[in-house]
Amino acid sequence: MLPEKTIKTLLQDTAFGTRVHIKGWVRTFRSNRFISISDGSSIHQLQCVVDYEQTDEALLKRITTGSCVSVDGILTESLGKGQRVEVQVERIEILGDAEADPEKGEVYPLQPKAHSLEFLREKAHLRFRTHTFGSVFRIRHAMTYAMHKFFHDRGFFNIHTPIITGSDCEGAGEMFRVTTLDPLRPPLTPLGEVDYTEDFFGKQTHLTVSGQLEAELAAMSLSKVYTFGPTFRAENSNTARHLAEFWMIEPEVAFADLHDNMDLAEANLQYLIQYALEHCADDLQFLNQRAIDEEKNKKKEERNEMTLLDRLQFVSEQKFERISYTEAIEILQKSKPHKEKKFQYPIEGWGADLQSEHERYLVEKHFKKPVILTDYPKEIKAFYMRMNDDGKTVRAMDILFPGIGEIVGGSQREERLSHLLQRMRDMQIPEKEMWWYLDTRKFGTAPHAGYGMGFERLLLFVTGMTNVRDVIPFPRTPKNAEF
RNA sequence: UCCUCGGUAGCUCAGUUGGUUAGAGCACCUGACUGUUAAUCAGGGGGUCGCUGGUUCAAGCCCAGCCCGGGGAGCCA
């Protein structure tokens, strides 16, 4: 039977003397008397006090770290320090042993001590049971909820864009193929090529790399829409910021220009951070302390100037700096590291894409706050971004966060058919396959704008974790699809 | 994919210029203790030193190739 109250609510309870029932997993068992139990409802455990003299010794032996127990007892004010309430155990039942004897079976791998994140990544099926990952995934949930709430409260409609896509020109990198053909003996055309007309969908299909183009279609009627779904990139990226399967939020707004777009994205980010500060205080407090402890092992120059909580507070209040790409190049050319030739990649001048180190300089050294870069050269941006009157730049915007880099990438979209067609020809995007996208520009086209926000990158910032593989339950990266 | 650092007990790590039987803390087992907070104390078991090959009288240590992981870069969210 499901317990009436979670440990989270019991820890707040003042009904001392009442009988309570809890179920959960043992974190530690101290002094043959104190069982620290977690049910995941909060970062905190409930201490259950067992009378070892009145309890069967064989049963006590089975109360080990990781085992699952059911407890009936009396809620009391704690006699010891360190916790407000505890439960005097009347009856304890082992629901699931966590075998502790190596001769009988495998040892439960999680000990009541700090494990490395790399080790826990290989034990992703069990890492939910640690403080850190419990906190991370409670926060991940809160951010999912707050994301929907943010858009819902502003009159947006959530659109489920397809995960399997028939177009391979979404313009955002390598795609995973989706097929039911026999890989060893695919049907062939007379020319000896694979005959995809025989495939499940009658054409080549892939996993989506973005829901943007479909979201644009919906925005041309529902005005304000957003997607929040999984996204797939078959890039051989091996970094702390990239996943082959990640979650992305893509709002698309009719009648919005680039400024509206920046305002929305800034409000979006600040709302989520404030929501976390307000609703995830316990978990953030834990992660804050965890980060402080971690920093102690680092060199002075690699340490953060602010704690996690300070950073969240700061970013939720500060206006983001907004500058154009052109201004950014000027700042970089006047910068100390440029003059002293400290950049690994020299500033090539106007037109070149910014390197990570340049973005980091702008965000972490020059402005010391989130920066929105706008109006990039058209050559380094996607075909659907709206051309400026100068004919050289497009209405793009990237939001750069300290320690993370690009957290949002967006633009005002090119709504003028002739301009769009010109760009597609320049960049060799096949018009034929994009007929449905071009139709929106033929029939009642409207100015509109949108952006993509990397959910895991947002979570990096909110939780203070430093690798996206540690903010998604089961990370998919090159050479790793375990669990 | 490139650069770089690493892989030694279940975990975290030490292991000197190549040299006898490869160590510590935690975990585990046995016992003691019992209002603890990652409980404490005593004792015990536990190793294909990532894999393959090479150099050498002798390799955890040197060399080559491969596998895996971290950090950085590129691609981007």
Side-chain angles (χ1 to χ4, degrees), chain A residues 27-36 44-45 47-53 60-61 64-66 76 78-83 86 88 98-123 130-131 171-174 209-212 229-250 265 297-298 302 344-345 353-357 359-360 380-382 398-401 404-410 451-461 466-470 472 477-480 482:
Chain A
R27 285 297 175 78
T28 65
F29 183 29
R30 297 180 291 266
S31 285
N32 213 19
R33 171 178 279 207
F34 304 103
I35 315 166
S36 183
H44 302 294
Q45 284 84 242
Q47 173 161 292
C48 294
V49 187
V50 65
D51 184 347
Y52 55 88
E53 284 168 336
L60 287 174
K61 284 232 171 255
T64 58
T65 300
T76 58
S78 179
L79 295 172
K81 289 171 190 161
Q83 59 280 317
E86 62 192 19
Q88 299 293 335
E99 193 56 70
D101 185 349
E103 279 174 23
K104 288 186 202 156
E106 278 180 296
V107 179
Y108 180 63
L110 304 185
Q111 302 157 27
K113 63 168 245 180
H115 291 284
S116 70
L117 295 174
E118 294 79 21
F119 169 72
L120 291 171
R121 233 170 263 161
E122 288 169 15
K123 305 270 178 294
T130 64
H131 282 118
E174 293 294 309
V209 293
S210 164
Q212 180 200 317
T231 307
F232 308 88
R233 305 265 167 99
E235 304 282 354
N236 191 6
S237 296
N238 293 290
T239 81
R241 303 180 303 284
H242 290 86
L243 292 164
E245 176 182 289
F246 65 100
W247 289 67
M248 186 155 65
I249 297 90
E250 297 180 287
N297 300 324
K298 286 190 191 165
E302 287 171 14
Q344 198 188 334
Y345 297 89
D353 210 347
L354 297 178
Q355 302 288 324
S356 282
E357 58 174 343
E359 294 180 349
R360 270 210 309 278
I380 57 174
K381 287 292 175 185
D398 283 0
I399 302 185
L400 309 176
F401 258 39
I404 291 159
E406 188 178 343
I407 196 167
V408 164
Y451 57 85
M453 179 184 297
F455 191 53
E456 283 75 20
R457 290 189 183 174
L458 170 74
L459 285 171
L460 284 189
F461 187 75
T466 53
N467 193 314
V468 283
R469 294 166 196 193
D470 296 329
I472 189 167
T477 52
K479 302 268 188 292
N480 180 19
E482 195 63 54

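Labels below follow one simple rule: chain letters A, B, ... track the order of the sequence lines, proteins then strands, and each chain is numbered from 1.
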Side chain to side chain contact (heavy atoms under 4.5 Å, CB included) between A:Thr231 and A:Trp247: does it pass, once the steps are laid out? CA-CA 6 Å; A:Thr231 307; A:Trp247 289 67; over 6 Å; no
If you check every side-chain atom of [X], which of [options] has the closest atom?
X: A:Arg121; options: B:A77, B:G70, B:G71; answer: B:G70
X: A:Ser116; options: B:U37, B:C76, B:U12; answer: B:U12
X: A:Gln111; options: B:G35, B:A27, B:A73; answer: B:A27
X: A:Gln355; options: B:G74, B:C11, B:U36; answer: B:G74
X: A:Ala240; options: B:G72, B:C76, B:G35; answer: B:G72
X: A:Ser237; options: B:G72, B:A77, B:G74; answer: B:G74

Could you state the atom-to-atom distance from CD of A:Glu357 to P of B:C3 in whole Å? 19 Å
Rounded off to whole Å, could you give me the CD-to-C1' distance for the A:Glu118 and B:G7 pair? 12 Å
Does [X] make a side-chain donor-acceptor contact with the base of [N], cut-off 3.5 Å?
X: A:Asn238; N: B:U1; answer: yes
X: A:Glu86; N: B:G35; answer: yes
X: A:Arg33; N: B:C33; answer: no
X: A:Glu235; N: B:G74; answer: no

Does A:Pro478 or A:Met453 map to a spot on RNA chain B nearer the 5' end, using the closest nucleotide for each? A:Pro478
Taking for each residue the nucleotide of RNA chain B with the nearest heavy atom, is it A:Asn32 or A:Thr239 whose nucleotide lies nearer the 5' end? A:Asn32
Any side-chain heavy-atom pair from [X] and [Y] closer than 4.5 angstrom?
X: A:Ser31; Y: A:Tyr52; value: no
X: A:Met453; Y: A:Ile399; value: no
X: A:Asp398; Y: A:Val408; value: no

Under 3.5 Å for both donor-acceptor distances, Watson-Crick or wobble: does [N] have a partner, and if so which one?
N: B:C62; answer: B:G54
N: B:U16; answer: none
N: B:C33; answer: none
N: B:G25; answer: B:C11

With side chain to side chain contact (heavy atoms under 4.5 Å, CB included) as the test, would you mind laying out the steps for A:Arg469 and A:Asn480 before giving the verdict? CA-CA 11 Å; A:Arg469 294 166 196 193; A:Asn480 180 19; over 6 Å; no
Determine the minimum heavy-atom distance between A:Ser78 and A:Gln83, stating which atoms define it. OG-NE2, 3.0 Å
OP1 or OP2 of [N] under 4.0 Å from side-chain N/O of [X]:
X: A:Asn467; N: B:G71; answer: yes
X: A:Ser356; N: B:G74; answer: yes
X: A:Arg30; N: B:A39; answer: yes

Counting any heavy atom closer than 4.0 Å, what does A:Leu243 reach on the DNA or RNA strands: base, sugar-phosphate only, or nothing? base
Could you check whether A:Phe34 and the base of B:A39 form a stacked pair, meaning centres closer than 5.5 Å and planes differing by less than 30°? no
